[in-house]
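All chains are named by letter (A, B, ...) in the order of the sequence lines, taking the proteins before the strands, and each is independently numbered beginning at 1.
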2 protein chains.
Amino acid sequence: MTYSIAQAAERSGLSIDTLRYYERIGLVDPPARDSGGRRSYSDEDLSWLEFLTKLRTTGMPIRLMREYAQLRHKGLATAGRRKQLLYDHRTDVRQRIAELQACLAILDYKITNYADIEAKMAGESLVQEVSA
Amino acid sequence: MTYSIAQAAERSGLSIDTLRYYERIGLVDPPARDSGGRRSYSDEDLSWLEFLTKLRTTGMPIRLMREYAQLRHKGLATAGRRKQLLYDHRTDVRQRIAELQACLAILDYKITNYADIEAKMAGESLVQEVSA
DNA sequence: GCTTGACCTGGAGCGCACTCCAGCTTCTAC
DNA sequence: GTAGAAGCTGGAGTGCGCTCCAGGTCAAGC
């Protein structure tokens with residue numbers, strides 16, 4: 001299967017401009033071209049894009065994604081370094097999750113507080129109503 | 001207790017420039033000034049900064065932090081809207097955590113794959129050694 | 001009273017990750 | 001054979017969240 005840039009954009013969730021941008025900066029290999037010179041993405045291209053979006057979602061800077069992409073081109077010999085890159089990144093992601101969860105607890109606390117305030121205010125207006 | 005801007009920066013984890021920037025854009029109230037016209041942060045100021053950094057850590061855009069800050073000034077009457085803001089934000093944060101966890105699973109998978117490759121390569125070089 | 005260092009202001013600059021644009025080509029459908 | 005949609009390129013522009021700078025003030029220690 002091959003895909004036009006519009007289809008690749010839809011499937012990857014990236015914009016057409018972003019796809020071309022990623023190609024320009026060396027994050028993705030230039031895809032095949034059709035007879036009219038238009039980009040024609042393969043399933044393999046899409047898999048790589050999908051993985052890239054995971055890295056992006058987890059906040060990997062483009063600089064590192066590019067490094068990973070370049071290592072891929074050098075074949076099996078670089079597997080160790082690629083693994084290390086992902087390993088380090090995983091550590092970051094875990095830390096980020098922990099951080100978010102800690103903040104979540106604070107949000108919970110604040111929200112509960114506001115709920116209490118609302119309950120109290122509702123109670124008071126009830127008292128007003130009853131005493132009126 | 002009062003704190004110089006350098007102390008406030010250290011305690012909040014923000015830079016001095018960021019503290020002044022937050023003040024400029026209305027995220028924090030202008031703190032008191034000492035006799036020489038220098039900023040003098042109170043414990044209350046620091047608490048607010050601490051909370052702001054939680055919102056920032058969880059990715060709340062400055063626009064919304066500012067909205068929250070402005071609501072605070074209007075007193076209890078805005079408690080409901082502030083709660084709603086935090087509530088919506090909590091939903092975002094939870095979703096973000098779920099997203100990160102899904103990506104984490106993929107990273108785990110990839111890393112395991114690389115470990116397998118390494119094990120296989122090590123095995124092969126062992127075979128080479130033995131057969132040499 | 002002079003140096004040093006922290007702090008002040010207004011405004012410019014920066015890095016990141018896109019996003020948009022002008023002007024052109026190419027395919028498709030009528 | 002022509003209109004319209006989709007795609008092409010190189011390059012400029014954008015939004016966010018800071019970060020840095022020049023030129024000045026102020027207080028403390030020597």
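Note: B:Leu107 CG to B:Gln101 CD = 12.5 Å, rounded to the nearest 0.5 Å. Atom CZ of A:Arg38 and atom OG of A:Ser4 lie 9.5 Å apart (nearest 0.5 Å).
In this structure, CD of A:Gln7 is placed 12 Å from P of D:dA6, rounded to the nearest angstrom. Atom CD1 in B:Ile5 sits about 5 Å away from atom P in C:dC8, given to the nearest Å. Rounded to an integer number of Å, the gap from B:Leu19 CG to C:dA6 C1' is 15 Å. In this structure, CZ of A:Arg66 is placed 13 Å from P of C:dC18, rounded to the nearest angstrom. The distance from atom CD1 of A:Ile16 to atom C1' of C:dC21 is 15 Å, rounded to the nearest whole Å. Atom P of nucleotide D:dC16 and atom CE of B:Met60 are separated by 15 Å, given to the nearest angstrom. B:Met65 has its CE atom 7 Å from the P atom of D:dG17, to the nearest Å. For the pair A:Arg56 CZ and C:dA17 P, the interatomic distance rounds to 10 Å; values are reported in whole Å.
The hydrophobic clustering, which links ILVMFWY residues whose side-chain heavy atoms are closer than 4.5 Å, places A:Leu46 and A:Met1 together.
Residue B:Tyr22 places none of its side-chain N or O atoms closer than 4.0 Å to OP1 or OP2 of D:dG17. Listed pair A:Arg39 / D:dC8 meets the phosphate criterion, a side-chain N or O lying under 4.0 Å from OP1 or OP2. Of the side-chain N and O atoms in A:Arg33, none sit less than 4.0 angstrom from OP1 or OP2 of C:dT25. Between C:dT26 and A:Ser35, no contact under 4.0 Å exists linking OP1 or OP2 to a side-chain N or O.
Listed for the A:Trp48 side chain is a donor-acceptor partner under 3.5 Å among the backbone atoms of A:Leu27. Listed for the A:Ser12 side chain is a donor-acceptor partner under 3.5 Å among the backbone atoms of A:Ala8.
Among the nucleotides D:dG17, D:dA6, C:dC18, the one closest to the side chain of A:Arg38 is D:dA6.
Residue-environment remark: CD (A:Glu124) exceeds the threshold of 12 foreign heavy atoms within 6.0 Å.
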Interface polar pairs with nucleotides 19-21 of chain D, N/O, under 3.5 angstrom:
| residue | atom | partner | partner atom | Å |
| --- | --- | --- | --- | --- |
| D:dC20 | N4 | B:Asp17 | OD1 | 3.4 |

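Between A:Gly36 and A:Arg63, the residue anchored nearer the 5' end of DNA chain C, judged by the nucleotide with its closest heavy atom, is A:Arg63.
Aromatic ring pairs are classed by plane angle as parallel below 30°, tilted from 30° to 60° and perpendicular above 60°; the pair A:Tyr114 and B:Tyr68 is perpendicular.
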